[in-house]
Protein chains: 2
Amino acid sequence: MIKLDLQSKTPLYLQMEQQIIDLILMGVLKENEQLPSVRNLARDLGINPNTIQKAYQDMESRGIIYSVVGRGNFVASPSAAESLKRRESMAALEKLLQDARHAGFSAQELHQAVDAAFQPRKEDDLL
Amino acid sequence: MIKLDLQSKTPLYLQMEQQIIDLILMGVLKENEQLPSVRNLARDLGINPNTIQKAYQDMESRGIIYSVVGRGNFVASPSAAESLKRRESMAALEKLLQDARHAGFSAQELHQAVDAAFQPRKEDDLL
DNA sequence: TAACTGTTCTATTTCGCCTAGTACACCCTT
DNA sequence: AAGGGTGTACTAGGCGAAATAGAACAGTTA
């Protein structure tokens, strides 16, 4: 259900968060559904429970999941995850668009880049 | 001439590279112009010469500057810096556009974001 | 020669990430 | 009440990247 890349430069707990968010957005994980326990998931992934705990805590602070002591962690409203992801994505994009502008790109070039991103290629949706 | 943010998460040597590249693109630093020596710049910025050296070496490997032992470091062709920055900027943008697409943004929304980035605002060009 | 330059090297510190282990409080089922 | 699950908190340590500190060597220039 979750695959971690131990070689990646991005921390394990962030990889986890990203994949769980995606699972929520894809509808695999539904509202109020219980997430794997800290200990179980750590055992399955072969990593330390503290790392799972860190990811869960971070996601709870972002409103993606909520936790109940003694019971477990549960996914919050999927719309929360969606709006969060859209918000973060747009914020990053705006910053990068400014960079591109200052790098000398014209509006026309950037519009072309947008179109290219929506141009179906062979590899798309195979990930 | 160069300002470092010691609190930033991005390494000092990368902050330096970014700012020097910008200075080249703005025409402040011209082709074949000599850069500050490793020791002088380190003294002025209050950091270690090795950090400057790392930045210079990295920039040389990227073709932005060239170094001559015993003489100093000099800016290479400004077009090298420009094409590099454009290349890097576009690569980052393409990746983020895909993210945005998968986050549920429509092409129309992204086109609007591009236009917004080119919309003159008060703070612009004051940096 | 003297004073500058780049370059290389080792050692040390700092910090974030991650692991390891332990302990405690809570909830639920039996 | 008891036991096993849960989240939570804490200390300790390893590890690697970033940065510092200091020294040494090599080339250039006045």
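In what follows, chains are A, B, ... by sequence order, proteins preceding strands, each numbered from 1.
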Item to complete: Indicate yes or no: does B:Arg86 engage A:Glu109 in a salt bridge with an N to O separation below 4.0 Å.
Response: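 Salt bridge: yes.
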
Practice prompt. Examine distances only and state if a side-chain atom of B:Arg101 and a backbone atom of A:Ala117 form a donor-acceptor pair shorter than 3.5 Å.
Written response: yes

Item to complete: May I ask you to decide if B:Ala80's main-chain N or O and B:Ser83's side chain share a donor-acceptor pair within less than 3.5 Å?
Response: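 Yes: the side chain of B:Ser83 pairs with the backbone of B:Ala80.
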
Distance in angstrom units between [X] [atom1] and [N] [atom2], rounded:
{"X": "A:Asn48", "N": "C:dG16", "atom1": "CG", "atom2": "C1'", "answer": "15 Å"}
{"X": "A:Tyr13", "N": "C:dT19", "atom1": "OH", "atom2": "P", "answer": "13 Å"}
{"X": "B:Ile65", "N": "C:dT7", "atom1": "CD1", "atom2": "C1'", "answer": "13 Å"}
{"X": "A:Leu41", "N": "C:dC18", "atom1": "CG", "atom2": "P", "answer": "14 Å"}
{"X": "B:Leu4", "N": "D:dA18", "atom1": "CG", "atom2": "P", "answer": "15 Å"}
{"X": "A:Arg43", "N": "C:dA20", "atom1": "CZ", "atom2": "P", "answer": "15 Å"}
{"X": "B:Ile52", "N": "C:dT8", "atom1": "CD1", "atom2": "P", "answer": "17 Å"}
{"X": "A:Met16", "N": "C:dC18", "atom1": "CE", "atom2": "C1'", "answer": "13 Å"}

Discussion item. If only side-chain N and O atoms count, and only distance matters, is there a donor-acceptor pair under 3.5 Å linking A:Gln18 with A:Asp22?
Written reply: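 Yes, because at least one side-chain N or O of A:Asp22 sits under 3.5 Å from a partner of the opposite role on A:Gln18.
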
Worksheet entry | Under-4.0 Å side-chain N/O to phosphate OP1/OP2 contact, A:Lys54 with C:dC18 | no

Discussion item. Quick check on side-chain contact (heavy atoms from CB on, under 4.5 Å): which of B:Leu45, B:Leu12, B:Leu41 does B:Thr51 satisfy it with?
Written reply: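 Going through B:Leu45, B:Leu12, B:Leu41 one by one, the side-chain contact (heavy atoms from CB on, under 4.5 Å) with B:Thr51 is satisfied by B:Leu12 alone.
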
Worksheet item: Counting only distance, no hydrogens or angles, is the base of D:dG22 paired donor-acceptor with the side chain of B:Asn50 under 3.5 Å?
Response: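 Yes, the side chain and the base share a sub-3.5 Å donor-acceptor pair.
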
Item to complete: Output the distance between atom CD1 (B:Ile24) and atom CG (B:Leu35), rounded to the nearest 0.5 Å.
Response: 6.5 Å

Give me the distances for all protein-to-nucleotides 2-8 of chain D N/O pairs that come in under 3.5 Å?
unit_1, atom_1, unit_2, atom_2, d
D:dG5, N2, A:Gly70, O, 3.4
D:dT6, OP1, A:Ser37, OG, 3.1
D:dT6, OP2, A:Ser37, OG, 3.4
D:dG7, OP1, A:Asn73, ND2, 2.9
D:dG7, OP2, A:Val38, N, 3.1
D:dG7, O3', A:Ser67, OG, 3.1
D:dG7, N7, A:Arg39, NH1, 3.0
D:dG7, O6, A:Arg39, NH2, 2.8
D:dT8, OP1, A:Ser67, OG, 2.6
D:dT8, OP2, A:Gln53, NE2, 3.4

